[in-house]
Amino acid sequence: MLAFDEMNGAPDDQTSPEVRDGYTAVKRWLDDAPPGLLKARREQAELLFRRIGITFAVYGDAEAEERLIPFDIIPRIITQKEWAGLERGLVQRARALNAFLADIYGPRECIRAGIVPADLILRNPQFCLEMVNQRPPHGVYVHVAGIDLVRTGPDDFYVLEDNCRTPSGVSYMLENREVMMRLFPDLFSSHRVAPVETYTDALLTTLRSVAPQRASADPTVVLMTPGLHNSAFYEHSFLADKLGIELVEGRDLFVQDEVVFMRTTEGAKRVDVIYRRIDDDFIDPLVFRPDSMLGVPGLMSAYCAGNVTLANAPGAGAADDKAIYSYMPEIVRFFTGEAPILKNVPSWRCREPEALAHVLDRLPELVVKEVNGSGGYGMLVGPTSSKAEIETFRHRLKASPETFIAQPTLALSTCPTFVESGVAPRHVDLRPFVLSGADEVRIIPGGLTRVALKEGSLVVNSSQGGGTKDTWVLDV
Amino acid sequence: MRVHVDYVTRYEYDTPARLIQQVLRMTPRPYDGQHVRDWRVEIDGDGRLRAGEDALGNVVHMLSLAGPVRRLMARVIGEVDTSDTGGMVHGAIERFPPAVFLRETDLTRCDAALHAFAAEVAAKGGSKLDQLHALLGALNEQVAFDTSPTTSTTTAAEAFAMKRGVCQDLSHIFIGAARVMGMPARYVSGHLARSDGEIDQEAGHAWCETYVEDLGWVGFDAANGVCPTDAYVRVAIGLDYLGAAPVRGSRYGGGGEQLDVKLRVTPAGQ
Amino acid sequence: MLARTADALFWTARYMERADYLARLLETAMRAASLPASYGGSSTEWESAVASAGAAEEFYARYGDATEETVRDWLAFSPDYPSSIRNCLTTARTNARAVRTALTPEMWDAVSDTAVELSRFPARGMDSEELIRFLEWVKGVVRAFDGAARRTMLRNDVYWFVRLGGAIERADNTARILDVKYHILLPEHERVGGSLDYFQWSTILREVSANTAYRWVYRQSVKPWLVADLLILNRQMPRSLASCYEVIARQTDLLAEAYGRRGPSQKQARSILARLTGARIEDIFQSGLHEFITGFLDDNVQLGGSIADQYLT
């Protein structure tokens, strides 16, 4: 598939020797690099990552509990001008997501106004009944959102997915930059790259801003992890460390008289804000899954009493459902009163019979996604799938059409990437992290660029063989 | 009918337990077929009992006790006046549109066998109400009441595969099947005044309610193959057992526990 | 600090110390067993190694017989012996990983590769030379961890819990050796005299790496009561019970100061230390070496429990 290239530009414009804005120096560096240099640098980078211990567990692969995500040393560059547009769009999107959640857990005006079908919300397993009429502290639901963007042309950015539950990857954004700065100090002195290291400060400020009103002026914030065996455990411990907050597991907390405490060497200490990196289902065995050993009994009662803030709020996932995604343009318009700045990928909702028929007809050219799937699981990429895979999906689609949406296969932009055969274009996406506090929305320039390392592959998920790149927002 | 309920639960822990928390859904609310004359929840010891309401409108008592304690007793005592509404449940507290009760849950999810079972029942045709009665009949025929093989965590699909279960399992199967047949269904926990004069019971009862267009919510007792009558005291509703369970609890320490339940459901005049 | 973090640090240090102890125990047993019988070499060395490791019942239930083969397998590699060297290092690493950010990078470096390295050593069929190499490696890992802790950690509660875990384990280990071997230190034994006893006594010294230390401290040939004195009361000897308790009492005091509260741990640590500093080796022999050691082991376990109650849960 011919795709727009982040460095070389449009695929149909092969005559142009021009390199796109921002890439001039990097292009020169790539051209001038003596043979072996890139390989040596990549090996150095891997060594650094291994030393830091930045690892990622792949589910279903017991051997690889501590695997490294491949890192590509060629940066992905976004100009400040491009970024400014994206940033406005992301702020708008985050506001709309929060307003949408406040509405569906409150007056449900968007249902009455016919923006979103009632069924889609009420039957959505992520729609948390316990959250109805529970206003979270300061009205914020999605404190940390990971909005996945893809690009198909110079000005064509699409939102692929809104991640409103416990989006991960930000530690890679931060560590990638650290490693790049160590490996290529010269590149950084010749480029004005917007720093990303302020993310941790922004996150802490955001979390503190949403502490319950009755908490002290110096609220206690903790990060809650499911534990060592979670795929993102490294990130949890990394962030807790950078934020200077305790990394707690469920067993470190307890609830007494609707107040949350943590067990410390100095006795019980009150907790005000929990940045939880654990799914709704597991946070409180008295309300959700009773067999959860990861949660805290009574946590929801403390939350509903207004004594603790959970970030993100329980039930926030109702906004990132892929079926809801297809309504996002209307949702943005309804709640912000503005035209959406970021585009949505056109989506067929297979629950609608006409759409389903259309999708079944064109299965080999489409991307089909399970409404409640994540991490690239339960997904069909028509053009790169075998006949048998397509037929398997056809059966699944027919059996339960309401659990799928389909989209055209986008020609995701490519970015030069150092692979076995040398420097070659590979498809990329971008996950910026959007922080919503009581006061404002904060976004660190850039985000995490994920790259599909297999030639032609459009799946960038790290669990499916994807890698990452440092992302530069450049003043040019 | 006036029904008197006296429900005592005693816990005895092997070692002292701390930070006991229990969510009690043991207090009925009124609807057209039920007037609550008097009802109270009591606990011994210095625990705290706070009344509230859950998302579905059930009365919830949150019991918390710092401990350490070796024993805990909770007692529910009350009286309701019931009338036979032919299974119709009007005038109950409804916090959500019926569509919410189409959601599948882990306990009610249908596997292939249950899907086939539901399809078979639906194929008989008739009105929605006819189909539900057919479901009730088919369930009664195919799944035997048996207290031995299932536990509180048995799923509808597991119980259906064994072709046996208790009122909880039968209700889960009924609910799962009704939902895949396109009808909102929910779990009801409560009490049944038995017709054979036996007032001492081992556990509460459970049945289902299904939403039928133009009729509203209708009760079905899958364990007994009938619609609820004035012998039924309706206490709490949920998407499945977990949402309506009389007690969900947690504690720290305590080791094993001995549980002693004394439940007496007495129809007036006995 | 989270109680669980303190717990993980405490136990990381304990498991590290235990791995080092077992490595030493195996080395000494191999050496002693290789001596001709007339010099005290005998197969009972293997039995005593099992006894010193403190899980004899499970061992005999599994292997029936204490031979070089079975004891090496049990102490170094067995997945079924919770304190086998392999399990100690694995557990220590898991604990360390759970509290990664409380450790310094240097400490993590010392343990991070142990999982990979461990899998490189074959569990079975190692010849003695390989085993020695393995044991050297184990001691090196522990030394690197311990050294990194001392060189790089902030002196705060994190450090104190690490030191506390190490010292309690070390006291336990020294006391266990004495518990198994006390009889050869008793006076009636001394009368027998001869080279047999000499080698047995020096075996004890070797187990705690104190052969040279003994010479420097006492400047005379190996005498059983002096061996006992060195291991129990001598405050210069870092593995002696008295020395361990100086460390323990100091760390618990620092914790109490930092947290502004004294508790049972401080009281018990101080009282055990007082008993050790006030004692004379003659009195200990008089009132029974064995009773003294078993009493100490109980006290040490009890203090571990008090620390757990006060800080780690």
Flag if over 12 foreign heavy atoms under 6.0 Å of CZ, C:Arg151: no
Chain C contact via A:Val222 - side chain, backbone, both or neither, heavy atoms under 4.5 Å: neither
Shortest non-hydrogen contact from C:Ala6 toward A:Thr265: CB-CG2, 3.4 Å
Region of C:Thr94 in contact with chain A, defined by heavy-atom distances below 4.5 Å: both
Which atom of A:Glu266 lies closest to which atom of C:Met1, heavy atoms considered: OE2-N, 4.5 Å
Other residues, nucleotides, ligands: >12 heavy atoms within 6.0 Å of A:Arg182 CZ: no
Over 12 foreign heavy atoms within 6.0 Å of CZ, C:Arg250: no
For A:Phe233 against C:Arg97, the heavy-atom pair lying closest together: CE2-O, 3.6 Å
Within 6.0 Å of CZ in C:Arg261, more than 12 heavy atoms from elsewhere: no
Where C:Thr313 and A:Arg263 come nearest, the two heavy atoms and their spacing: C-CD, 4.1 Å
Exceeds 12 heavy-atom contacts within 6.0 angstrom, atom NZ of A:Lys242: no
Atom pair CG/CG of A:Asp252 and C:Leu2 - distance to nearest 0.5 Å: 4.5 Å
Close side-chain approach of C:Thr101 and A:Leu247, heavy atoms under 4.5 Å: no
Interface moiety of C:Asp7 toward chain A, non-hydrogen atoms closer than 4.5 Å: neither
Within 6.0 angstrom of C:Glu69 CD, more than 12 heavy atoms from elsewhere: no
